[in-house]
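For reference, the structure is listed below as structure tokens.
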Amino acid sequence: GRGRRRGRGRTKQGHVLAMGKVHGSLARAGKVRGQTPKVQKAEKKKVLVGRAKKRLQYNRRFVNVVVGMGKKKGPNTQPLGKCG
């Protein structure tokens, strides 16, 4: 149509818009990470590898299954007490 030019960086009055300035200055980069307190990593149990890992997967998926009503729950569902 006539007079309809979209995406050119101008308004109806012909003023030029500032294009590309979206995400703020680099002076604020890393602000949130810098102000969060450092938390030390907790000690964890050794991860199983090889045959032992396959054995654990097999036992989780096929041996300790709980047959209940309704749909089967996925491997990553939390108990009800842990939800917030």
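Here the NZ atom belonging to K54 is positioned 12.5 Å from the CG atom belonging to L48, to the nearest 0.5 angstrom. A distance of 8.5 Å separates CZ of R33 from NZ of K38, quoted to the nearest 0.5 Å. From K31, atom NZ reaches atom OG1 of T36 across 10.5 Å, with rounding to the nearest 0.5 Å. The distance from the NZ atom of K72 to the OG1 atom of T77 is 8.5 Å, given to the nearest 0.5 Å.
The ring pair (Phe, Tyr, Trp, His ring centres under 6.0 Å) contacts involving residues 45-64 comprise Y58-F62, where partners must be two or more places apart or lie in separate chains. Contacts classified as ring pair (Phe, Tyr, Trp, His ring centres under 6.0 Å) and involving residues 26-48 (residues at least two apart or in different chains) are not found.
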